Amino acid sequence: QVHLVESGGGLVQPGGSLRLSCAASGFRLEYYTIGWFRQAPGTGREGVSCISEGGDRTYYADSVKGRFTISRDNDKNTVYLEMNSLKPEDTAIYFCATDKSGGEGCPILKPILYDYWGQGTQVTVSS
């Protein structure tokens with residue numbers, strides 16, 4: 001079975017850091033463009049960042065540019081999202097997903113272009 005599992009979320013103070021992980025089982029992540037999305041209460045799912053299969057192409061939403069870094073370790077079958085200088089407005093459930101559009105999902109970070117999704121990990125930024 002195909003599974004994506006996000007981890008690394010938690011409660012952090014403004015200005016703090018977290019590193020999220022997206023681990024795959026049942027398939028190899030290295031063959032997919034991967035996107036990170038987030039969803040705050042009462043809002044739609046927002047694209048945050050994405051990375052191509054080879055890791056040579058990345059994209060960041062304006063709201064996180066300069067603060068978040070996406071990377072992948074294909075040996076570990078995992079994609080990471082390093083989040084620094086966190087703000088209260090970063091509070092959301094964070095999801096990773098696989099692109100189903102042959103790479104068009106990066107930089108076009110639209111949820112409809114992604115198919116397999118993890119269950120999400122909660123990130124709360126609060127003092």
Side-chain angles (χ1 to χ4, degrees):
Q1 287 199 350
V2 173
H3 287 292
L4 286 175
V5 179
E6 302 93 338
S7 62
L11 173 64
V12 63
Q13 292 187 340
S17 299
L18 286 173
R19 187 176 81 157
L20 305 185
S21 298
C22 171
S25 61
F27 70 106
R28 296 295 302 173
L29 271 183
E30 64 189 296
Y31 301 121
Y32 293 89
T33 288
I34 302 298
W36 279 99
F37 296 79
R38 65 186 181 186
Q39 188 166 15
T43 70
R45 201 160 288 191
E46 172 195 18
V48 174
S49 182
C50 54
I51 186 168
S52 60
E53 299 97 293
D56 57 312
R57 181 163 45 91
T58 59
Y59 170 82
Y60 300 93
D62 287 343
S63 57
V64 306
K65 200 172 295 182
R67 300 187 298 121
F68 290 12
T69 303
I70 191 170
S71 63
R72 65 193 306 155
D73 185 335
N74 289 334
D75 288 341
K76 295 184 177 179
N77 214 24
T78 301
V79 172
Y80 303 98
L81 186 68
E82 183 78 32
M83 307 188 298
N84 298 313
S85 303
L86 282 163
K87 305 175 181 180
E89 51 263 44
D90 294 318
T91 296
I93 300 174
Y94 283 71
F95 302 88
C96 63
T98 57
D99 168 70
K100 65 177 179 179
S101 64
E104 291 185 8
C106 190
I108 305 174
L109 265 174
K110 299 295 184 185
I112 195 171
L113 296 178
Y114 288 76
D115 47 11
Y116 295 120
W117 293 79
Q119 83 292 344
T121 185
Q122 175 71 48
V123 171
T124 303
V125 184
S126 174
S127 54

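Keep in mind the model is a prediction, meaning the values are calculated, not measured.
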Next item on the list: Kindly say whether Ala24 contributes a backbone atom to a donor-acceptor pair with the side chain of Asn77 at under 3.5 angstrom?
Entry: yes
Checklist line | hydrophobic_cluster_shared for Leu4 and Tyr32, side chain cutoff 4.5 Å | finding: yes
Note to self: To the closest 0.5 Å, what do you measure between CD (Glu53) and OG1 (Thr33)?
What the structure shows: 3.5 Å
Next item on the list: Rounded to the nearest 0.5 Å, what's the gap from CD1 on Ile34 to CG on Asp99? Could you check?
Entry: 8.0 Å
Item checked: Side chain to side chain, Cys106 and Arg57, heavy atoms closer than 4.5 Å -> yes
Item checked: Gap separating the CD1 atom of Ile51 from the OG1 atom of Thr58, nearest 0.5 angstrom -> 6.5 Å
Item checked: Residues Thr91, Val123; criterion side-chain contact (heavy atoms from CB on, under 4.5 Å); working and verdict -> CA-CA 5 Å; Thr91 296; Val123 171; 5.9 Å; no
Checklist line | Cys50 versus Pro107, closest heavy-atom pair with distance | finding: SG-CA, 4.1 Å
Next item on the list: Any ring pair (Phe, Tyr, Trp, His ring centres under 6.0 Å) involving residues 86-114? Give me the pairs, sequence neighbours left out, ordered by first then second residue.
Entry: Phe37-Tyr114
Next item on the list: Taking the side chain as every heavy atom from C-beta outward, state whether Leu81 and Arg38 have any pair of such atoms under 4.5 Å apart.
Entry: no
Notebook entry, point to check: Just wondering, do Glu89 and Ser63 contact through their side chains at under 4.5 Å, heavy atoms?
Noted result: no
Check: Is there side-chain contact between Met83 and Leu20, with heavy atoms separated by less than 4.5 Å?
Finding: yes
Notebook entry, point to check: More than 12 non-hydrogen atoms from neighbouring residues, nucleotides or ligands closer than 6.0 Å to NZ on Lys100, yes or no?
Noted result: yes
Check: Which heavy atom in Ser17 sits nearest to a heavy atom in Asn84, and how many Å separate them?
Finding: OG-OD1, 2.8 Å
Next item on the list: Search all heavy atoms of Ala61 against all heavy atoms of Gly47 and return the closest pair with its distance.
Entry: CB-O, 3.5 Å
Check: Would you say Leu109 and Val48 make side-chain contact, with heavy atoms under 4.5 Å?
Finding: no
Note to self: For Gly9 versus Thr121, what's the shortest heavy-atom pair and its separation?
What the structure shows: N-OG1, 3.1 Å
Notebook entry, point to check: Do Tyr80 and Val64 belong to the same hydrophobic cluster, where Ile, Leu, Val, Met, Phe, Trp and Tyr are linked whenever their side-chain heavy atoms lie under 4.5 Å apart, directly or via other members?
Noted result: no
Check: To the nearest 0.5 Å, what is the distance between CG (Leu18) and OG (Ser7)?
Finding: 11.0 Å
Notebook entry, point to check: Any side-chain heavy atom of Ser126 sitting closer than 4.5 Å to one from Leu11?
Noted result: yes
Next item on the list: Dump the intermediate steps for side-chain contact (heavy atoms from CB on, under 4.5 Å) on Asn74 and Tyr31, then the final yes or no.
Entry: CA-CA 9 Å; Asn74 289 334; Tyr31 301 121; over 6 Å; no
Notebook entry, point to check: Would Tyr116 and Trp36 show up in the same hydrophobic cluster when neighbours are defined by side-chain heavy atoms closer than 4.5 Å?
Noted result: yes
Notebook entry, point to check: At what distance, to the nearest 0.5 angstrom, does CD1 of Ile70 lie from CD of Glu82?
Noted result: 12.0 Å
Item checked: Residue Phe27 excluded, over 12 heavy atoms near CZ under 6.0 Å -> yes
Next item on the list: Answer yes when Asp90 and Lys87 have at least one side-chain N-carboxylate O distance shorter than 4.0 Å, and no when they do not.
Entry: no
Check: In Å, rounded to the nearest 0.5 Å, how long is the span from CD of Gln119 to NE2 of His3?
Finding: 10.5 Å
Check: Any chance CD of Glu104 has more than 12 other-residue heavy atoms, nucleotides or ligands included, within less than 6.0 Å?
Finding: no
Check: Is there a path of hydrophobic side-chain contacts, each under 4.5 Å between heavy atoms of I, L, V, M, F, W or Y residues, that connects Trp117 with Val2?
Finding: no
Margin query: What I'd like to find out is whether the side chain of Tyr60 reaches to under 4.5 Å of the side chain of Arg67, using heavy atoms alone.
Written below: no
Note to self: Can a donor-acceptor pair be found, under 3.5 Å and without considering hydrogens, that links the side chain of Ser21 to the backbone of Glu6?
What the structure shows: no
